[in-house]
Amino acid sequence: MELEGRGTGGVAGGPAAGPGRSPGESALLEGWLQRGVGRGASGGEAGACRPPVRQDPDSGPDYEALPAGATVTTHMVAGAVAGILEHCVMYPIDCVKTRMQSLQPDPAARYRNVLEALWRIIRTEGLWRPMRGLNVTATGAGPAHALYFACYEKLKKTLSDVIHPGGNSHIANGAAGCVATLLHDAAMNPAEVVKQRMQMYNSPYHRVTDCVRAVWQNEGAGAFYRSYTTQLTMNVPFQAIHFMTYEFLQEHFNPQRRYNPSSHVLSGACAGAVAAAATTPLDVCKTLLNTQESLALNSNITGHITGMASAFRTVYQVGGVTAYFRGVQARVIYQIPSTAIAWSVYEFFKYLITKRQEEWRAGK
């Protein structure tokens with residue numbers, strides 16, 4: 001559509017100006033002029049042919065637009081803080097989960113539910129007993145989650161650009177989560193071994209250094225990675241389900257992808273619950289490999305339980321099919337707030353750090 005009869009000071013004619021203009025064109029032009037679109041700030045013609053674009057002065061910055069310029073360091077710092085807080089806050093429940101996954105627990109360590117277990121542990125073993133091993137967990141969680149989130153963010157963007165340019169790809173999310181798990185578990189597995197041995201009922205270890213020394217001297221360095229393959233077998237599908245569910249829920253709860261704490265908490269909690277319930281059998285086998293539970297060893301001819309196949313066989317011999325779901329309640333209860341905390345803290349620090357970096361660059 002061509003606007004005719006303009007002067008240098010603006011649109012000279014009314015809606016009917018210009019020969020050959022249809023009634024529809026005239027009506028459209030009249031609407032634009034009434035809203036002031038055809039006039040610039042000084043009465044010029046800037047924007048005369050452009051439809052109005054509504055700007056919401058109260059809306060915040062597009063959150064997903066910020067991380068595009070975020071550095072790897074930003075993702076690592078945000079991930080490390082999220083991982084440490086997640087594990088520290090949920091550590092007592094993690095202790096209960098480890099005990100409830102015991103295949104043949106001591107009569108004094110048989111629990112009906114999570115709250116009863118936590119109360120009995122505190123009452124019979126001391127207030128700080130559920131926190132034993134927290135220091136080694138926090139030490140491992142920092143670098144593990146830093147690698148985890150940085151790798152995930154980088155691969156998610158790279159794969160999404162290839163698979164679904166300009167959009168979100170669930171395949172890319174799942175694949176990025178799987179690869180990120182390889183780095184996370186490599187850093188976290190030794191800490192998991194020490195942590196779970198210190199969490200068991202009647203554990204002979206009161207200090208992290210005592211446990212590390214005993215495992216190294218009696219079982220060798222390989223014991224710290226005995227459950228690594230099983231951990232990966234569990235965590236790869238767990239993280240694939242986790243990330244795909246999280247990103248799927250974000251599309252529904254937060255389609256504009258702005259910084260929205262409630263959507264991050266809800267999506268993270270739901271994603272964690274679904275992934276945790278689906279992978280409980282693998283978590284039971286991982287716990288058995290890490291703890292080498294003495295009563296379960298009696299049913300194993302070779303003395304040490306090594307490898308996922310051996311762990312699966314031992315679990316079935318000791319407790320049947322139901323044994324694969326020991327501690328599922330504690331695992332889901334642990335995972336719901338755990339992933340909610342991790343995602344909300346991570347998204348908050350990623351948003352905060354990136355925003356501060358943008359403000360600093362703008363002020364230079």
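- Under the 4.0 Å criterion applied to side-chain N and carboxylate O atoms, E358 and K355 are not assigned as salt-bridge partners.
- The structure places CG of D185 at 5.0 Å from CG of L232, a figure rounded to the nearest 0.5 Å.
- No continuous path of hydrophobic side-chain contacts links V194 to M188 [ILVMFWY only; heavy atoms under 4.5 Å].
- The distance from atom CD1 of I122 to atom CH2 of W128, rounded to the nearest 0.5 Å, is 10.0 Å.
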Evaluation steps, side chain to side chain contact (heavy atoms under 4.5 Å, CB included), between V72 and K154 | CA-CA 8 Å; V72 173; K154 178 65 176 177; 5.8 Å; no
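- Following chains of ILVMFWY side-chain contacts shorter than 4.5 Å, one can reach V89 starting from L134, so the two form part of one hydrophobic cluster.
- Between the side chains of Q239 and T181, no donor-acceptor pair is found at a separation under 3.5 Å.
- D94 is listed as a side-chain neighbour of K195, based on a closest heavy-atom distance under 4.5 Å.
- Between the CE atom in M131 and the SG atom in C88 there is a gap of 7.0 Å [rounded to 0.5 Å].
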Could you give me the CA-CA distance, side-chain angles and deciding distance for D283 and K97, then say whether side chain to side chain contact (heavy atoms under 4.5 Å, CB included) is met?
-> CA-CA 10 Å; D283 192 46; K97 175 182 73 73; 3.2 Å; yes
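- For the pair Y205 and A214, the tightest heavy-atom approach, listed with the atom from each and the gap, is CE2-CB, 3.6 Å.
- Under the 4.5 Å side-chain heavy-atom criterion for Ile, Leu, Val, Met, Phe, Trp and Tyr, I333 and L118 are members of the same hydrophobic cluster.
- Hydrophobic clustering (ILVMFWY, side-chain heavy atoms < 4.5 Å, transitive): I341 and V96 are in one cluster.
- Counting heavy atoms from C-beta on, the side chains of R326 and M100 never come closer than 4.5 Å.
- Residues R120 and E116 are paired through a salt bridge, judged by an N-O separation under 4.0 Å between the basic side chain and the carboxylate.
- Classification of the F149-Y346 ring pair by plane angle, with boundaries at 30° and 60°, yields parallel.
- In this structure R129 satisfies the salt bridge (Lys or Arg N to Asp or Glu O under 4.0 Å) test together with E125, sequence neighbours excluded.
- In this structure, F349 and V81 approach most closely via the heavy-atom pair CE1-CG1, 3.6 Å.
- The two residues S203 and R132 come nearest to each other via the heavy atoms O-NH1, 3.9 Å.
- Annotation: side chain of L282 is in contact with side chain of F312 (closest heavy-atom distance under 4.5 Å).
- Side-chain contact between R207 and M198 is absent, with no heavy-atom pair separated by less than 4.5 Å.
- Counting heavy atoms from C-beta outward, V315 and Y324 have side chains that approach closer than 4.5 Å.
- Of all heavy-atom pairs between A323 and V284, the closest is O-CG1, 3.7 Å.
- Residues V274 and I241 meet the side-chain proximity criterion, which asks for heavy atoms closer than 4.5 Å.
- For the pair S344/P261, no side-chain contact is recorded, criterion being any heavy-atom separation below 4.5 Å from C-beta on.
- Y152 and W343 have perpendicular rings, their planes meeting at more than 60° on a 0 to 90° scale where under 30° would count as parallel.
- A donor atom on one side chain and an acceptor atom on the other are found under 3.5 Å apart for R331 and T279.
- By the neighbour-count criterion of 12 heavy atoms within 6.0 Å, atom CZ of R110 is densely surrounded, having more than that number from other residues, nucleotides or ligands.
- For the atom pair OG (S102) and CG (L288), the distance works out to 9.0 Å, reported to the nearest 0.5 Å.
- Between Q357 and T71, the closest side-chain pair of non-hydrogen atoms falls below 4.5 Å.
- Residues V136 and M200 do not share a hydrophobic cluster, defined by chaining ILVMFWY side chains whose heavy atoms lie under 4.5 Å apart.
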Chi angles and distances behind the salt bridge (Lys or Arg N to Asp or Glu O under 4.0 Å) call for R257, E347 | CA-CA 11 Å; R257 294 303 180 105; E347 298 282 13; over 6 Å; no
When you look at F238 and Q335, which way does the side chain to side chain contact (heavy atoms under 4.5 Å, CB included) test go after all the steps?
-> CA-CA 11 Å; F238 175 92; Q335 207 65 53; 3.6 Å; yes
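- Side chains of N113 and Q329: a donor-acceptor N/O pair is absent below 3.5 angstrom, by distance only.
- Minimum heavy-atom separation, V193 to A223: CG2-O, 3.9 Å.
- Environment of CZ in R112: sparse, with no more than 12 heavy atoms of neighbouring residues, nucleotides or ligands closer than 6.0 Å.
- Taking the six-membered ring wherever Trp is involved, the centroid distance between the rings of H87 and Y91 does not fall below 6.0 Å.
- Counting only residues at least two apart or in different chains, side-chain hydrogen bond (donor to acceptor under 3.5 Å, both in side chains) contacts with residues 133-145 comprise E86-H145.
- Within 6.0 Å of atom CD1 in I163, more than 12 heavy atoms from other residues, nucleotides or ligands are found, so the atom counts as buried in its surroundings.
- A salt bridge links R197 with E219: the distance from a Lys NZ or Arg NE/NH1/NH2 to an Asp or Glu carboxylate oxygen falls below 4.0 Å.
- In this structure, W216 and F224 have tilted ring planes: the angle between them lies in the 30° to 60° band.
- Relative orientation of the Y246 and H264 rings is parallel, given thresholds of 30° and 60° on the angle between their planes.
- Atom CG of N260 sits about 10.0 Å away from atom CG of L266, to the nearest 0.5 Å.
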Salt bridge (Lys or Arg N to Asp or Glu O under 4.0 Å) between R226 and E192, intermediate numbers included | CA-CA 11 Å; R226 184 180 286 136; E192 282 281 321; over 6 Å; no
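- A donor-acceptor pair is defined here as one N or O able to donate and one able to accept, closer than 3.5 Å; such a pair exists between the side chain of Q250 and the backbone of S263.
- The shortest non-hydrogen separation linking C178 to V236 is SG-CG1, 3.5 Å.
- By the neighbour-count criterion of 12 heavy atoms within 6.0 Å, atom OH of Y225 is densely surrounded, having more than that number from other residues, nucleotides or ligands.
- With rounding to the nearest 0.5 Å, the separation of OG1 in T287 from CD in Q231 is 9.0 Å.
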